[in-house]
Amino acid sequence: IAIENHRGSLIGEASSDWNIDPISNNVLWETMIYFFGMSGAPAMAKYKLDASGWIERTRMDQRKIIVSNVDLLFNLLDDFNDHPVDKSTQGVSTNQRPDTVVAQEIQFVSPYNVTTTTNIWNVSNSRHLAPDQVEIETLCSLISSGTELKIFKGSFESAALDVNIKGMAEEKMQYPLAYGYSLVGRVVACGVNVKDGDSLIGKLVFTFSPHCTRVTVNGDAIQLVPDGIDAEDAVFMPSVETALSLVHDAHVRIGENVAVYGQGLIGLLVTSIMALQTPSLIASRSPFCSITTFDTFDDRLRISSSLGATSALKPISASKAGPFDVSIEASGSPRALQSAIDNTSNNGRIIVGSWYGNSNVSLKLGIDFHRSHKTIQTSQVSTIPPAMTGLWSKERRFSLTWALVKSLKPSRLITKRLTLNQAQLAYELLDGGKEIAICFKYDSN
């Protein structure tokens, strides 16, 4: 009918049934799953059929999709300026939302086992939104290569997800678990009590939310992404803040030599931030202000050098390169922590950024350590340390973090872009250690 309203005439038709295999035709298979969620599922829901269950079972079982299809061939006239108007569409906005939308989310179900769940939201009357909530359609989200890998591997204690992120303090770290905290998207709907809700529609925002195609969060829990920062850079905000908090806790004075153990995502960002405040002229011509980084992967060491490390070395070289005034450990490796302790000068400082989960860590703290007056300090990003609260607040640190995101452009550290349906692969790749940062892309949006 739509084509005929534009003066098209049907000149032929023929059956063309599809047998879509999820392996050999994965792109088309995913397209059909999405198409069904957007069109077929609402019709099933009217008859109280389990549409979301069907989608979830199809994904888990990797079922073939068989489609009855008819191809139509039309002849279209060249004159498009004088075509009839379909008056039935007048007065209807072309941007009108569908009555239902599909929300797909990652869920950790057991050690080394992650899957996706699918829910159908009825958005026709906005009842899915509390008065103070906003709905966000996701563009991308970033995997935390520290915390999320611990959850993936089951190496964690049962505790609150995060005591300082709204909505996470009440949730326990236990299976099954939807988790993640680096999501960027656009606001598509606002509850009636959200301040300036109309002006928020379409805005690019960040939220500490799990990996999901769309989320609802309190309006005061989002952060507007500053102008000049794109989505893939913005999604690094928590990682950059973590690196910044490590640098703040290290409190490096001009002239001091620093070691950074581990050049994964956080370690590389620490190196980048340290390089911004290190006088390169002094560091290159004297034994002061050096940044020495350590990792076992050659590609990470090359990147580390490009980001400003004075020296980028294998761990075996630590004893010759040291001692260091300050050592920052961001590797998640007990051997690296031991090396940091051993190769820090007496009266020096060791800042521990790694979370070791429920693993037992054995350290040698013999007579040399006992006499050394070295300080071992943990660093965690959730709160501002008491010694800094006179000058710094979370809001001020967020502002500096966004400025650093804009300057560093951390999306250049992304080594893989995958979809939610490739979540199992994503975490396995990160666990293998060869990927630095994996970003989930939401192409359907």
Side-chain angles (χ1 to χ4, degrees), residues 146 150 155 157 242-271 273-275 277-279 282-298 300-301 304-305 308-381 385-388 433:
K150 287 290 187 295
S155 304
E157 311 97 326
T242 297
L244 174 60
S245 71
L246 279 163
V247 173
H248 275 176
D249 284 337
H251 192 56
V252 178
R253 302 169 182 87
I254 188 169
E256 291 185 330
N257 296 313
V258 181
V260 184
Y261 288 83
Q263 290 296 278
L265 176 58
I266 300 301
L268 287 170
L269 290 172
V270 168
T271 300
I273 295 172
M274 288 294 306
Q277 63 179 25
T278 299
I282 297 176
S284 63
R285 298 184 179 180
S286 66
F288 298 104
C289 303
S290 65
I291 305 170
T292 305
T293 61
F294 298 99
D295 204 283
T296 58
F297 291 100
D298 291 332
R300 295 186 181 190
L301 295 177
S304 182
S305 294
T310 311
S311 301
L313 308 170
K314 291 291 182 68
I316 196 172
S317 303
S319 59
K320 293 181 180 179
F324 305 99
D325 302 301
V326 182
S327 292
I328 299 174
E329 189 277 307
S331 68
S333 166
R335 293 177 65 184
L337 177 56
Q338 184 69 63
S339 182
I341 294 170
D342 294 343
N343 295 295
T344 297
S345 298
N346 289 356
N347 302 295
R349 307 182 298 286
I350 299 101
I351 309 300
V352 183
S354 296
W355 171 45
Y356 286 93
N358 58 6
S359 302
N360 292 322
V361 176
S362 178
L363 298 172
K364 295 179 181 179
L365 303 176
I367 189 65
D368 289 339
F369 175 79
H370 182 63
R371 293 171 174 171
S372 70
H373 292 279
K374 299 175 186 179
T375 300
I376 301 177
Q377 177 183 337
T378 62
S379 179
Q380 212 281 328
V381 70
M388 294 177 58

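Side chains included, hydrogens not; waters and symmetry mates left out as well; all remaining heavy atoms used.
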Please check: side-chain N/O of Tyr356 versus main-chain N/O of Ser333, any donor-acceptor pairing under 3.5 Å? yes

Look up atom OG1 in Thr378 and atom CD in Glu329, then write down how far apart they are to the nearest 0.5 Å. 11.5 Å

Test side-chain contact (heavy atoms from CB on, under 4.5 Å) applied to Gln277 and Val247, step by step: CA-CA 10 Å; Gln277 63 179 25; Val247 173; 3.7 Å; yes

Under 6.0 Å from the CD1 atom of Ile316, do we count more than 12 heavy atoms belonging to anything else shown? no

Under 3.5 Å: donor-acceptor pair, side chain of Ser372, backbone of Phe369: yes

Closest approach of His251 to Glu256 (non-hydrogen atoms, all atoms of both residues): O-OE1, 4.1 Å

Do Arg300 side-chain atoms and Gly267 backbone N/O form a donor-acceptor pair below 3.5 Å? no

Nearest heavy-atom pair of Gly353 and Leu246: which atoms, and what distance? CA-CD2, 3.6 Å

Using a 3.5 Å distance criterion without hydrogens, assess whether the side chain of Asp295 forms a donor-acceptor pair with backbone atoms of Gln263. yes

Distance in Å, Asn347 CG paired with Lys374 NZ, rounded so as to fall on 0.5 Å steps: 10.0 Å

Starting from the C-alpha separation in whole Å, work towards a yes-or-no answer on side-chain contact (heavy atoms from CB on, under 4.5 Å) for Met274 and Thr271. CA-CA 5 Å; Met274 288 294 306; Thr271 300; 5.8 Å; no

If the plane angle is over 60° it's perpendicular, under 30° parallel, otherwise tilted; pick one for Phe294 and Phe324. perpendicular

Shortest non-hydrogen contact between Val326 and Ala250, atoms and distance: CG1-CB, 3.9 Å

Looking only at atom types and distance, does a side-chain atom of Asn257 sit under 3.5 Å from a main-chain N or O of Ser290, one as donor and one as acceptor? yes

Hey, could you give me the CG/NE2 distance between Leu365 and His370, rounded to the nearest 0.5 Å? 11.0 Å

Kindly compute the distance separating CG (Asp342) from OG (Ser319), expressed to the nearest 0.5 Å. 9.5 Å

Quick check for you: to the nearest 0.5 Å, what is the distance between Thr344 atom OG1 and Asp325 atom CG? 9.0 Å

Verdict with reasoning, Gln377 to Ile350, per side-chain contact (heavy atoms from CB on, under 4.5 Å): CA-CA 6 Å; Gln377 177 183 337; Ile350 299 101; over 6 Å; no

For side-chain contact (heavy atoms from CB on, under 4.5 Å), just list the numbers for Gln380 and Asp249, CA-CA rounded to whole Å, side-chain angles, deciding distance to a tenth of an Å, and then say yes or no. CA-CA 9 Å; Gln380 212 281 328; Asp249 284 337; over 6 Å; no

Say you draw a straight line from OG of Ser354 to CG of Leu337; how long is it, rounded to the nearest 0.5 Å? 7.5 Å

Indicate the atoms forming the closest heavy-atom contact of Gly308 with Ile291, along with that distance. O-CD1, 4.2 Å

Would you name the heavy atoms of Ala312 and Ser305 that are closest together and state the gap between them? CB-OG, 3.4 Å

